[in-house]
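Along the sequence shown, the residues carry numbers beginning at 1.
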Amino acid sequence: MTNRWVQLGASVVAMIMIANLQYAWTMFVRPIQEATGWALSDLQWGFTLFILFETWVMPFEGWMIDRTGPRFFLSIAGVLCGIGWTALAYVTTLPQLYFFYSMAGVGAAFVYSGSIATALKWFPDKRGLASGIIAAGFGSGSALFIPVIAYLIRTADYKQAFLWTGVLQGIVIIVAAQFLRHPDHQTAALRAAAVAPNPKVRRNSEHFTTGEMLRTPHFYALYIMFVMMATGGLLVTAQAGPLAREWNISLAALTAALALDRIANGSGRVFWGWVSDKIGREKTMAIAFILQSACLVSVLLFGRVSGLLFTVTLVLTLFTWGEIYVLFPSILGDWFGTRNATSNYSFLYTAKGVASILGGGLAAVLFQQFGSWSAAFYGSATLALIAGLMALGLRVAPLPRKVVDTTSRRESPVPV
């Protein structure tokens, strides 16, 4: 249990098991619509609620995981994910769908926090690469299930797909949780001391508490960037099925696109994490974010032409998007230290919840209102471009420093 590669492996397995909750959802949208008659926007608000609960409960449980370790919380997560996803096979009303999908979101939050902490705490010398590998489990994990889900939906119905994948995912998460531990203080200190200096990666010598981090402008700059970059990828993740339907892309092409872009999503996380260890976080952010902007425009312009171009543009978009789940926790660990890394990142990760409102429910409402995806895609591309330009600004910004609270200081009495 003290081998950091065992910790990494168990974290990756747990992340793979929650991937379906987000990345396979788009395959269920059309079957649920046909069975229930619910509007697209009503269904996609369910996706938004999942993301909100996956992100906005993290500040509390991130603080707890930093202090108690990940095993207990990931064991609970297995139960929540298993029940929440499986129950979607039996819902008959929208409130029921929202409740159980949100339950799965809470479980996914526990898994995500506990797993990403492994990279930040066990791998100070390879933070970008380790974060990339763990995040790749989440980004690519659904690629293992996409063909199975497509087969079950085609030969049985979507309810069987929810049932079998939900049971399997819950059990495997509980088993993986039993392997996870935080490094003890001595091990963590030795590993941190052994980190070789890298002039390309700027690191802070101080360890910030969450309260201290929240008093710096650096955190809010990163938060705004996270929201802007997360929007486009969540748009594609949630709306790929409706997009294919609107553009008359075949089910076979959609299935191939979803499987391949999930692989691209995961491999991109490893690739960009490795690059950031070599050339620095800020420079990597600028390159990847600007490429993401171009790729989002390419989906709108070329994705509708054929199934092949639909697949290619989605693959490129996900390859240049998933790195946000590597670069942001890595730069947070570099700038604010790792002692409170889980709690600190949990606050930044809530930005994904804000982005889900834009890329999920609101994007579907815009489509229903205007009959076109142009506003959603051009808007997301613009946000990604602005985030890339902000990353260039971060390269020359000084590292954060703790704000000294002077309000409690008492002035020395002046003799009369």
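- For residues 306-332, the pairs satisfying side chain to side chain donor-acceptor pair (under 3.5 Å) are Q292-T320, with sequence neighbours left out.
- Closest approach of L97 to L88, counting heavy atoms only: O-CD2, 3.8 Å.
- D261 is not listed as a side-chain neighbour of F319, based on a closest heavy-atom distance of 4.5 Å or more.
- Residues F328 and M225 meet the side-chain proximity criterion, which asks for heavy atoms closer than 4.5 Å.
- The stretch residues 346-367 participates, sequence neighbours left out, in these side chain to side chain donor-acceptor pair (under 3.5 Å) pairs: Q22-K352, E54-Y349, E54-K352, Y223-T350, Y349-K352.
- For the pair K402 and F208, the cation-pi criterion (under 6.0 Å, within 45° of the ring axis) is fulfilled.
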side-chain contact (heavy atoms from CB on, under 4.5 Å) evaluation trace for M213 with L332 = CA-CA 10 Å; M213 178 190 71; L332 212 68; 4.2 Å; yes

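- Looking at every heavy atom in both residues, S276 comes nearest to R281 through OG-NH1, 2.8 Å.
- Distance CG/L385 to CG/L291: 11.0 Å, rounded to 0.5 Å.
- At least one side-chain heavy atom of I224 sits under 4.5 Å from a side-chain heavy atom of M228.
- Here the options are L366, T48, V365, the test is side chain to side chain contact (heavy atoms under 4.5 Å, CB included), and the partner is S41; only V365 passes.
- Side-chain atoms of N20 and Q169, non-hydrogen and from C-beta on, do get closer than 4.5 Å to each other.
- The aromatic ring centroids of W85 and F162 lie less than 6.0 Å from each other.
- Atoms CG and OG1, on L21 and T165 in that order, are 8.5 Å from each other to the nearest 0.5 Å.
- Ring to ring, W25 and Y101 are close: their centroids are under 6.0 angstrom apart.
- For L300, the side chain to side chain contact (heavy atoms under 4.5 Å, CB included) criterion is met by W247, R304, W373, S374, F377, Y378, not counting sequence neighbours.
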